[in-house]
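Below is one structure, written out as structure tokens, with a few remarks after it.
In this chain, residues are counted from 1 in sequence order. As the structure lists them, so they are numbered: ligands from 1, and atoms in each ligand from 1. Only a predicted model underlies this, so the values are computations on that prediction, with no experimental measurement involved.
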Amino acid sequence: MEKTIPELFGSLVFSDKIMRDKLPNDMYKALRKTIDNNTHLELDVANAVAVAMKEWAVENGATHYTHWFQPMTGYTAEKHDSFICPVGQGEVIMEFSGKELVKGEPDASSFPSGGIRATFEARGYTAWDPTSPAFIKDKTLYIPTAFCSYSGEALDKKTPLLRSMDAISKEAVRILKLLGRDDVTNVLTTVGPEQEYFLIDREDYKKRKDLIFTGRTLLGAPAPKGQEMDDHYFGNLRTRVAAFMHDLDEELWKLGIPVKTKHNEVAPCQHELAPVFDTTNVAVDHNQLTMEIMKKVAEKHGYMCLLHEKPFAGINGSGKHNNWSLSTNDGENLLNPGKTPAENTQFLIFLSAVIKAVDEYADLLRLSVASAGNDHRLGANEAPPAIISIFLGDELTGVIEAIEKDEYFGKVEKVKMETGAKVIPHFTKDTTDRNRTSPFAFTGNKFEFRSLGSSVSIAGPNIMLNTAVAEALSQFYEVLKDVKPSDMDDAVHSLVKDTIIKHKRIIFNGNGYTDEWVKEAEKRGLYNLKATPDAMGALIAEKNVKMFIKHGIYSETELKSRYEIRIENYTKTIHIEALTLKDMVLKQFAPSLAAYIDDLTESVLQRKQLGIDVGCDTQTELIKKLAGYYDEIIKTTKKLSEDTDKAEAMDPDIEQAKFYHDVVISDMDEIRKYADAAEPLLPEGYLPYPTYEEMLFYV
Ligand code: ADP
Ligand code: MG
């Protein structure tokens with residue numbers, strides 16, 4: 001009999017329930033303590049867990065285990081070892097020890113380390129993260145792990161993420177204690193990422209070198225129809241797409257990923273999937289898995305799943321909305337405005353901490369979403385602008401303004417609590433004004449950071465967010481720590497007011513797509529870091545380095561390594577795009593164009609020989625036009641080739657990244673301009689690869 005969904009859900013996860021069933025009670029309790037309170041894991045507990053994990057994994061068909069980690073590439077990495085252990089006489093048993101569970105030593109010399117491993121130690125170590133559950137995939141037991149160097153430098157994205165979660169928890173708990181909340185021992189950040197993607201036919205994909213090598217199309221004229229009819233958004237699902245989505249849901253449910261929402265997106269062939277939120281590190285792991293499983297299931301259905309931020313010019317690209325909030329160990333959402341006034345004070349503190357954090361560290365938030373791919377979206381009237389600002393909505397903005405003008409606290413010393421309830425009307429969810437143009441929007445009981453590209457690991461943006469808010473809370477703590485409990489309300493109110501006055505420039509409820517906003521933001525002194533090379537400096541800016549060190553998130557060495565890796569990743573991406581475009585132009589597009597010119601010329605000549613003049617003039621005109629394009633395409637490609645060589649010869653630093661951005665990308669745009677103008681003049685059959693029309697409208 002088929003499994004019901006509740007039976008299916010998490011069936012491949014070494015869940016809490018399975019741990020409870022399989023572990024001796026004292027061992028289970030010790031492990032639970034480690035997970036809940038971040039305490040050290042003793043070896044005897046690790047041994048017991050390893051035995052239980054192996055038993056469960058083998059029962060469920062696993063033969064191997066792997067320490068699954070997230071190097072600084074933004075992807076995940078794994079190396080598989082089998083459980084077998086020879087015991088003589090040609091026999092084996094299945095074995096797995098606590099030591100093997102807790103620590104791995106992958107030969108990791110080929111992962112980017114930005115110089116860390118050269119300076120320190122060549123080896124990388126993986127260490128079990130017991131707060132993210134192990135799972136089985138393709139007959140292997142996956143153990144989520146952090147990845148560090150011998151001397152403890154983080155070589156991955158999970159380690160700093162876990163550090164940032166610790167930091168914000170520590171700061172939030174301290175603040176809550178001042179507010180009399182002794183019950184809170186731990187504060188978690190929660191994240192629900194909405195994931196956009198494209199599905200195209202696998203056969204089409206295989207014919208396009210640009211999609212294969214770069215994930216996006218480098219050439220391609222628009223189809224007669226785009227997304228202007230808005231007929232795809234939330235449209236009914238085609239049978240084949242529905243079958244894919246159904247399969248995907250099931251695969252993800254088995255892995256304990258609570259995917260809930262799915263629908264068609266704005267662009268043709270574009271879709272979205274969203275899970276129910278989870279603690280941040282679990283959400284990060286789940287999102288990485290989701291992206292991977294999407295691609296696999298797509299293949300099974302004859303599709304290719306495109307996660308690039310801008311696979312097709314002229315139609316919307318794909319992003320990822322990072323819904324973020326704070327929750328106590330009892331599951332109370334600290335960004336819930338709530339019904340009772342006491343909660344409002346608490347809410348206002350956390351709200352103003354976020355406002356302060358986003359204003360002071362907007363450069364880091366911007367950096368965390370910067371990539372060659374996402375540069376095509378941010379500020380391009382389909383995604384939030386590159387300028388980071390906060391949308392609060394009318395109701396909350398009213399509250400903030402009232403506080404600022406003392407209309408709220410000033411006149412009502414005695415009954416301020418009641419007033420609190422009045423000015424924060426009881427609302428659970430702000431559905432009236434959903435401003436889609438804002439990069440960072442308050443949506444009722446959480447913030448939605450909307451600037452993320454579809455392929456990015458959500459670890460980075462959440463590290464920045466957690467740390468910046470931890471820093472704001474830590475500064476609040478300094479202001480409030482010596483205040484007597486009886487004066488606390490007043491102290492909090494003036495702190496909130498001061499914070500609003502100082503940071504309200506970051507709040508913007510209008511349309512972020514307009515030129516007026518760009519001008520206004522400049523007047524307000526907000527960052528407008530247009531492209532990735534402009535954003536990169538934030539990683540090594542003094543104020544940011546100071547903050548990261550203070551909270552123990554990154555050391556200076558770790559930051560410098562990330563800075564180098566980010567630059568290298570950017571330049572390599574553009575370099576590969578340039579080479580791919582050159583290849584496609586010289587081997588595919590230009591020859592197709594030349595072939596058509598030749599065919600036309602031949603036909604004109606033949607007719608003239610026969611004394612037939614009809615059409616000869618118009619065809620000659622067309623030949624001239626096409627030959628003109630051909631010339632320009634070859635010339636600009638030659639320039640691209642020379643500039644790419646120049647770029648490659650430069651020292652690997654920010655100047656090189658800027659050169660790729662300013663020169664190489666403009667060359668590519670120039671080629672594309674001519675090629676995309678010529679393409680609609682080519683009859684069907686001349687191009688060796690599918691057009692936009694064929695890729696986007698026949699799936
Ligand atoms: P949208 O209308 O933008 O699609 P939804 O209300 O569907 O927004 O929610 C989007 C995501 O926000 C979901 O993944 C949901 O689980 C997540 N979410 C809801 N509450 C929280 C929270 N407290 N913390 C983090 N994410 C949350
Ligand atoms: Mg959303």
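Only side-chain heavy atoms of Glu448 come within less than 4.0 Å of ligand 1; its backbone N, CA, C and O stay farther off. Heavy atoms of Lys260 found under 4.0 angstrom from ligand 1: none, in either backbone or side chain.
With a 6.0 Å radius and a threshold of 12 heavy atoms from other residues, nucleotides or ligands, Lys530 has its NZ atom at or below the threshold.
Relative orientation of the Phe147 and Phe69 rings is tilted, given thresholds of 30° and 60° on the angle between their planes.
Heavy-atom proximity to atom 13 (C) of ligand 1, evaluated over Ala274, Pro275, Gly331, Ser327, is greatest for Pro275.
Note on ligand 1: His321 sits outside its first shell, no heavy atom being nearer than 4.0 Å. Using a 4.0 angstrom heavy-atom cutoff, Asn333 counts as in contact with ligand 1.
Counting the atoms of ligand 1 from 1 in the order shown, those under 4.0 Å from a heavy atom of Val276 are 16 (O).
The shortest side-chain heavy-atom distance between Leu255 and Ile293 falls under the 4.5 Å cut-off.
Looking at ligand 1, you won't find any N or O of Glu272 less than 3.5 Å from one of its N or O atoms.
Looking at Arg524 and Glu520, a side-chain N of the basic residue comes within less than 4.0 Å of a carboxylate O on the acidic one, giving a salt bridge.
For the atom pair CZ of Phe449 and CG of Asn323, the computed distance is 12.0 Å after rounding to the nearest 0.5 Å.
In terms of the salt bridge (Lys or Arg N to Asp or Glu O under 4.0 Å) criterion, Lys177 has no residue partners (sequence neighbours excluded).
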